[in-house]
Amino acid sequence: MDIICSLFVSIELLYVLPKISYAADTISASQPLSDGRTLISKQGSFELGFFSPGDSGEKYVGIWYKNIPVKTVVWVANRDKPINGSAGALMINTAGSLILHDQNGSIVWSSNASSLKLPQNPVLQLLDSGNLVLRNEKDDNSESYLWQSFDYPSDTLLPGMKLGSDLSTGLNRQLSSWKNPDDPSAGEFTYRIDLYSYPDAAVWKLSSKYFRCGPWNGLRFSGVPELKPNPVFEFSFKSNQEEVYFTYDLKNKSMVSRLVLNQTSSSIERYVWIEDEQFWKLYASTPKDNCDVYGLCGAHGTCVISESPICQCLEKFKPKSPEKWNIMDWSEGCIRNTPLNCGNTDGFNKFTGLKLPDSANTWVNESMTLEECRAKCLKNCSCMAYTNADIRGGGSGCVMWFDDLTDMRQLAANGQDLYIRMPASELDHEGQSDRRAVKMLVIIAATIGSVCAILIFCYYIWRKVNVQERRENSGEAGNEDLELPLLDLATVTSSTNNFSDDSKLGEGGFGPVYKGTLADGQEIAVKRLSKNSGQGLKEFKNEVILIAKLQHRNLVRLLGCCIQGEEKMLVYEYLPNKSLDSFIFDQTKCKRLDWNRRFHIICGIARGLLYLHQDSRLRIIHRDLKASNVLLDHEMNPKISDFGMARPFGGDQTEGNTNKVVGTFGYMAPEYAVDGLFSIKSDVFSFGVLLLEIVTGKKNRGFFHPNHSLNLLGHAWTLWKEERPLELIDGLYEDSSSLFEVLRCIHIGLLCVQQHPEDRPIMSYVVLMLGSDGALPQPKQPGFFINRNPLEEVDSSSSKNKSYSANEISVTLLNAR
């Protein structure tokens with residue numbers, strides 16, 4: 001009865017008190033919070049009040065950033081039960097719980113405070129962390145809160161919040177997405193820590209796993225290699241008898257960051273607020289690509305994003321259903337070539353660079369050594385694999401798997417070792433358990449090693465003498481580091497019919513390209529360096545050394561080279577369909593490229609560029625990506641070529657500058673053409689130009705429109721702002737079902753060609769955007785969108801050094817600003 005009376009007294013007060021914001025961060029039981037009034041945290045970081053998303057008019061109580069102009073809600077109280085019509089009030093009742101009621105007095109939401117501590121003059125306070133806490137007035141100890149919003153997240157994880165479970169109380173803190181941007185009710189996705197013996201973080205879509213971050217390995221979640229020590233975030237994971245949770249914090253407390261589970265993009269997104277430009281910058285997003293789809297490759301399959309198909313069986317395994325596997329249905333996974341027999345002859349093969357498999361059926365001991373772990377796993381016929389539970393400091397602890405190994409992928413960096421049980425006949429040398437056999441192998445290996453060392457020494461002496469003779473006979477120097485088969489001049493000359501005009505495929509700024517056929521029938525393409533080429537020996541060697549170390553289905557394959565006298569030639573695989581520009585800019589041949597083929601080419605180029613930027617042994621910036629440098633094989637698969645201008649980087653380096661600007665006008669990013677600053681983002685700009693050219697069939701620099709003098713980028717931007725982007729394709733694609741994909745590609749292209757490098761996405765995000773249908777950020781104005789004379793886009797003093805190639809201008813500019 002007392003509760004009912006106090007409730008109606010509070011409702012009366014709501015219509016007497018003026019509707020103003022409290023300056024304070026705290027209210028007591030005698031101060032209900034009605035629509036129009038807000039609480040503001042002490043330092044003004046967060047605000048609590050009523051809000052209406054979209055145009056529905058439905059009222060919610062939530063917390064948002066106070067000083068950020070883009071209203072960003074981080075927590076909602078009554079997310080699944082809005083107040084319709086006139087708003088109610090938020091108040092503390094006599095039982096010490098927080099309640100929200102409508103104007104009729106009906107309770108629509110309650111905190112249900114479960115603290116064992118009795119309420120004594122409870123107050124509600126909004127903290128500068130974004131946490132809304134219910135506490136006793138004289139007790140601000142976080143351990144004594146009667147209730148806190150951080151224990152009941154919505155779709156956002158703020159610094160200091162915990163994602164996980166309190167095992168002593170049964171409290172499970174997990175994120176659940178908004179249904180859509182205008183509806184904060186729980187959507188289809190949840191992000192949680194699954195409480196297996198080896199806890200595993202995962203995103204669930206309704207009752208099915210959608211994406212698995214993997215178990216915590218001491219440094220990061222196994223499947224999120226980018227979650228590594230960095231200057232912005234600190235990550236922490238705790239697992240004991242009382243609680244299991246993940247949390248993060250900011251090293252610079254003045255920064256603002258949030259982690260969001262986004263229903264629209266079906267991803268976990270980490271944002272940082274950029275104060276100078278007043279926008280949320282996407283710092284990281286997972287899942288990244290198709291390999292992050294849960295269980296895509298089935299049991300004992302591993303996903304390799306750079307391969308085709310992306311699903312591969314582990315070594316010494318084969319597809320369980322070859323027929324389904326060949327039509328890219330990988331759900332049944334792989335089986336061993338030889339079944340297990342569970343005897344003393346079993347052993348383990350070491351697999352490296354993996355995302356650890358699903359840990360639903362695991363066992364963990366944190367004090368065991370890896371050798372003890374191996375011995376224990378070997379004694380249990382159900383144990384299928386083992387590894388260290390914690391990889392810090394060389395590794396410690398033991399985790400064992402007792403079921404099929406699922407949801408693995410090969411990682412380019414920060415992957416882990418996994419020891420998988422194999423029968424004796426399938427063991428690698430390091431997996432043999434028979435010590436006598438191991439000892440014999442060591443003796444044999446030592447003997448072979450000694451013989452090999454002698455042979456290598458003899459070969460070195462012979463090669464040194466041979467190379468010296470070669471230099472003296474042909475004037476050749478400095479070729480020993482090329483690491484490629486060296487073809488002699490006579491072989492190449494014969495293969496091309498003495499470089500006849502009938503064998504000539506085309507010509508670029510470097511010189512002519514010829515088709516050849518070797519004695520064994522293999523067709524080749526020979527790139528012959530012209531004496532007048534702007535590409536000298538340094539650029540030639542650069543291309544040889546770089547491309548020899550690259551292996552990807554969307555990069556052209558270099559077979560060998562020839563350096564003899566003044567002749568310098570590269571020998572490539574022959575690609576019958578020649579270059580992309582010969583199709584998309586030809587009014588007849590372009591008809592062979594329907595939208596499906598064009599989209600396939602766009603995605604292939606994106607994967608190839610991602611490999612260069614992120615997944616290859618060297619981080620490589622191409623610096624001359626354009627339509628004529630993309631070749632097409634007999635199945636119209638794209639292959640990026642011409643690495644003479646490419647620059648390799650080591651470690652975490654992503655950008656550099658130069659006084660010698662090289663590349664092609666129309667594809668160069670503004671910061672590179674003007675100031676000589678190049679980075680992975682300058683390659684992204686070139687990709688964006690190329691994407692728009694593929695979509696429209698028009699050249700950026702050769703574009704003409706009767707009503708204005710804009711280039712293709714400027715024309716695309718104008719139509720985008722006027723909400724007329726379909727005019728770009730001008731009926732090029734008859735199948736209306738592809739229009740959504742076409743529009744999305746135009747959108748992505750405009751994101752890639754934005755004026756400022758920091759606004760452009762990285763290639764991993766581009767690949768993700770191409771492969772999904774989630775919401776995209778709005779693009780800003782592109783660079784060089786006004787069509788000017790290309791030499792006006794750089795210092796006029798640089799215009800003396802230039803070279804021209806067919807249909808395009810390839811430039812070498814000295815003394816760039």
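If you read the sequence from its start, that first residue is 1, and numbering goes on from there. Computed from a predicted model, the values in this text were never measured in an experiment.
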Student: Are any of the side-chain nitrogens in K324 or E332 under 4.0 Å away from the carboxylate oxygens of its partner?
Tutor: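 A salt bridge links K324 with E332.
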
Student: Would you please say whether a donor-acceptor pair under 3.5 Å links the side chains of D624 and T664?
Tutor: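 Yes, side-chain donor-acceptor contact under 3.5 Å.
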
Student: Assess the side chains of Y152 and Q174: does a donor N or O sit below 3.5 Å from an acceptor N or O?
Tutor: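 Their side chains do not contain a donor-acceptor pair, so the 3.5 Å distance test is not met.
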
Student: Can you check whether F237 and Y245 have ring centres sitting under 6.0 Å from each other?
Tutor: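 When the ring centroids of F237 and Y245 are compared, they turn out to be at least 6.0 Å apart.
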
Student: May I ask you to decide if Y611's main-chain N or O and Q614's side chain share a donor-acceptor pair within less than 3.5 Å?
Tutor: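 A pair under 3.5 Å: no.
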
Student: Would you kindly say whether N629 and H622 are connected by a side-chain donor-acceptor distance under 3.5 Å?
Tutor: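 No, because no side-chain N or O of N629 sits under 3.5 Å from a partner of the opposite role on H622.
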
Student: With no hydrogens and no angle check, do the side chains of N180 and Q263 hold a donor and an acceptor under 3.5 Å apart?
Tutor: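 Their side chains do not contain a donor-acceptor pair, so the 3.5 Å distance test is not met.
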
Student: Under the side-chain contact (heavy atoms from CB on, under 4.5 Å) criterion, do N554 and K639 qualify, and how do the steps go?
Tutor: CA-CA 4 Å; N554 295 117; K639 293 178 182 286; 5.5 Å; no

Student: Excluding sequence neighbours, so at least two apart, what forms disulfide (SG to SG under 2.5 Å) with C303?
Tutor: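 Scan of C303 (disulfide (SG to SG under 2.5 Å), adjacent residues dropped) gives C291.
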
Student: The test is side-chain hydrogen bond (donor to acceptor under 3.5 Å, both in side chains); show your working for R192 and S165 and say whether it passes.
Tutor: CA-CA 9 Å; R192 71 195 197 198; S165 297; over 6 Å; no

Student: For the residue pair F246 and F221, is the inter-centroid distance of their aromatic rings smaller than 6.0 Å?
Tutor: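 Ring centres of F221 and F246 closer than 6.0 Å.
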
Student: Do the charged groups of R760 and E671 touch, with an N to O distance under 4.0 Å?
Tutor: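 So R760 pairs with E671 through a salt bridge.
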
Student: With rounding to the nearest 0.5 Å, note down the distance linking CG in L770 to SG in C745.
Tutor: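 The distance works out to 5.5 Å.
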
Student: If only atom types and distance count, is the side chain of S176 paired as donor or acceptor with the main-chain N or O of A186 below 3.5 Å?
Tutor: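 The answer is no, because no donor-acceptor pair under 3.5 Å joins these two groups.
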
Student: I'd like to know if the side chain of S682 and the backbone of A669 have a donor-acceptor N/O pair within less than 3.5 Å.
Tutor: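 Side chain of S682 to backbone of A669: no pair is present.
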
Student: Among Y271, W280, W64, whose side-chain contact (heavy atoms from CB on, under 4.5 Å) with T72 holds?
Tutor: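 The residue from Y271, W280, W64 that satisfies side-chain contact (heavy atoms from CB on, under 4.5 Å) with T72 turns out to be W280.
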
Student: Is there a side-chain contact between L632 and N637, using heavy atoms and a 4.5 Å cut-off?
Tutor: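 With C-beta onward as the side chain, the pair stays apart.
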
Student: Checking N326 side chain against P322 main chain: does a donor-acceptor pair fall under 3.5 Å?
Tutor: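 Checked: pair present.
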
Student: Quick one: CD1 on I762 to OG on S679, what's the gap to the nearest 0.5 Å?
Tutor: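 So the CD1 of I762 and the OG of S679 are separated by 11.5 Å.
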
Student: Would you check if there is a donor-acceptor pair between the side chains of S285 and E269 at a distance under 3.5 Å?
Tutor: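 On atom types as modelled, these side chains do not qualify, holding no pair under 3.5 Å.
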
Student: Using a distance-only test with no angle check, is there a side-chain donor-acceptor pair under 3.5 angstrom linking S579 and D581?
Tutor: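 Looking only at side-chain atoms, D581 and S579 do form a donor-acceptor pair, the distance falling under 3.5 Å.
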
Student: For the CD atom on E723, are there more than 12 heavy atoms of other groups (residues, nucleotides or ligands in this structure) within a distance under 6.0 Å?
Tutor: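 Counting other residues, nucleotides and ligands, CD of E723 stays at 12 neighbours or fewer.
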
Student: Show the numbers, then the answer: is there a side-chain contact (heavy atoms from CB on, under 4.5 Å) between L314 and M408?
Tutor: CA-CA 10 Å; L314 292 170; M408 293 178 287; 3.7 Å; yes

Student: When you look at S359 and D200, which way does the side-chain hydrogen bond (donor to acceptor under 3.5 Å, both in side chains) test go after all the steps?
Tutor: CA-CA 7 Å; S359 60; D200 208 336; 3.1 Å; yes

Student: Take atom NZ of K591 as the centre, draw a 6.0 Å sphere, and report whether it contains more than 12 heavy atoms from other residues, nucleotides or ligands.
Tutor: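 For K591, atom NZ is not crowded (no more than 12 foreign heavy atoms under 6.0 Å).
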
Student: Within 45 degrees of the axis of the six-membered ring of F233 and under 6.0 Å from its centre: does R270 put its NZ or CZ there?
Tutor: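 Yes, R270 and F233 form such a contact.
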
Student: Is it true that atom CD of Q587 has more than 12 heavy atoms of other residues, nucleotides or ligands lying nearer than 6.0 Å?
Tutor: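 Atom CD in Q587 is not crowded, with 12 or fewer foreign heavy atoms closer than 6.0 Å.
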
Student: I'd like to know if the side chain of K281 and the backbone of E758 have a donor-acceptor N/O pair within less than 3.5 Å.
Tutor: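 Yes.
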
Student: Quick one: pull up CG in N700 and NE2 in H715 and give me the separation to the nearest 0.5 Å.
Tutor: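 Atom-to-atom, N700:CG and H715:NE2 are 12.0 Å apart.
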
Student: Check K209 with D358, please: is the shortest side-chain N to carboxylate O separation under 4.0 Å?
Tutor: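 K209 and D358: salt-bridged.
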
Student: Is a side-chain donor-acceptor pair under 3.5 Å present for W720 with E722?
Tutor: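 There is no such pair between these side chains.
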
Student: Is it true that a side-chain atom of R173 and a backbone atom of K162 form a donor plus acceptor pair closer than 3.5 Å?
Tutor: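 Between the backbone of K162 and the side chain of R173 there is no qualifying donor-acceptor contact (under 3.5 Å).
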
Student: Any donor and acceptor pair, going by atom type alone, linking the side chain of D194 with main-chain N or O of Y196 inside 3.5 Å?
Tutor: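 Flag not set: sc D194 to bb Y196 has no pair under 3.5 Å.
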
Student: Please test Y667 against E693 for side-chain hydrogen bond (donor to acceptor under 3.5 Å, both in side chains), starting from the C-alpha separation and ending with a verdict.
Tutor: CA-CA 11 Å; Y667 294 93; E693 289 184 336; 2.5 Å; yes

Student: Quiz question: by atom type and distance under 3.5 Å, do the side chains of S265 and S267 form a donor-acceptor pair?
Tutor: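 Short answer, yes.
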
Student: Less than 3.5 Å apart, any donor N or O on the side chain of Q781 or W717 sitting next to an acceptor on the other?
Tutor: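 Distance-only check fails for Q781 and W717.
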
Student: What's the separation between atom CH2 in W216 and atom CD1 in I193, rounded to the nearest 0.5 Å?
Tutor: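 Answer rounded to 0.5 Å: 9.5 Å.
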
Student: Between the side chains of H634 and N577, does any donor sit under 3.5 Å from an acceptor?
Tutor: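 The answer is no; no qualifying pair exists.
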
Student: Quick one: list whatever passes ring-ring contact (aromatic ring centres under 6.0 Å, His included) with Y60, sequence neighbours left out.
Tutor: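 By the ring-ring contact (aromatic ring centres under 6.0 Å, His included) rule, Y60 matches F51.
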
Student: Can a cation-pi geometry be assigned to R212 and W204, taking NZ or CZ under 6.0 Å from the six-membered ring centre and within 45° of the ring axis?
Tutor: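 No, R212 and W204 do not form such a contact.
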
Student: With C334, which residues qualify under disulfide (SG to SG under 2.5 Å), at least two apart?
Tutor: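 Counting only residues at least two positions away or on another chain, C334 forms a disulfide (SG to SG under 2.5 Å) with C313.
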
Student: I'd like to know if E277 pairs up with K780 as an ion pair, taking the criterion as any Lys NZ or Arg NE/NH1/NH2 lying under 4.0 Å from an Asp or Glu carboxylate oxygen.
Tutor: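 A salt bridge is present here (some side-chain N lies under 4.0 Å from a carboxylate O).
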
Student: So do the side chains of P779 and H747 get within less than 4.5 Å of each other, counting heavy atoms only?
Tutor: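 A side-chain contact under 4.5 Å exists here.
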
Student: Has H613 got a side-chain atom pairing as donor or acceptor with V684's backbone, closer than 3.5 angstrom?
Tutor: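 Checking the backbone N and O of V684 against the side chain of H613, no donor-acceptor pair under 3.5 Å is found.
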
Student: Is it true that the side chains of S308 and R553 contain a donor and an acceptor less than 3.5 Å apart?
Tutor: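 Yes.
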
Student: Quick check: do R598 and C590 have side-chain heavy atoms less than 4.5 Å from each other?
Tutor: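 Yes, close enough: below the 4.5 Å cut-off.
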
Student: Assess whether a salt bridge exists between D683 and K681, defined as any Lys/Arg side-chain N lying under 4.0 Å from an Asp/Glu carboxylate O.
Tutor: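 Looking at D683 and K681, the cut-off is not met.
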
Student: Side chains of I729 and V695, heavy atoms from C-beta outward: is any pair under 4.5 Å?
Tutor: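 When only atoms from C-beta onward are counted, V695 and I729 do touch, with a gap below 4.5 Å.
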
Student: Between T247 and L163, is any pair of side-chain heavy atoms under 4.5 Å apart?
Tutor: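 Result no, sub-4.5 Å side-chain heavy-atom pair not found.
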
Student: Is the shortest heavy-atom distance from the side chain of V61 to the side chain of V76 under 4.5 Å?
Tutor: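 Result no, sub-4.5 Å side-chain heavy-atom pair not found.
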
Student: Could you go step by step and tell me if L712 and K699 meet the side-chain contact (heavy atoms from CB on, under 4.5 Å) rule?
Tutor: CA-CA 7 Å; L712 178 61; K699 288 186 179 182; over 6 Å; no

Student: Please check: side-chain N/O of N290 versus main-chain N/O of D292, any donor-acceptor pairing under 3.5 Å?
Tutor: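 No, the answer is negative, given that no donor and acceptor are paired below the 3.5 Å cut-off.
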
Student: As a quick check of understanding, evaluate side-chain contact (heavy atoms from CB on, under 4.5 Å) for M255 and V272, giving each step before the final call.
Tutor: CA-CA 7 Å; M255 293 185 67; V272 175; 3.3 Å; yes

Student: Please report the interatomic distance CG(L691) to CG(L750), rounded to the nearest 0.5 Å.
Tutor: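 With rounding to 0.5 Å, CG (L691) is 9.5 Å from CG (L750).
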
Student: Does a side-chain N-to-carboxylate-O contact under 4.0 Å join D773 and R744?
Tutor: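 Between R744 and D773 there is no salt bridge, as every charged N stays at least 4.0 Å from the carboxylate O atoms.
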
Student: Thinking salt bridges, do R258 and D155 make one under a 4.0 Å N-O criterion?
Tutor: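 Between D155 and R258 there is no salt bridge, as every charged N stays at least 4.0 Å from the carboxylate O atoms.
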
Student: Quick check for you: to the nearest 0.5 Å, what is the distance between L259 atom CG and L261 atom CG?
Tutor: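 CG of L261 is found 8.5 Å from CG of L259.
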
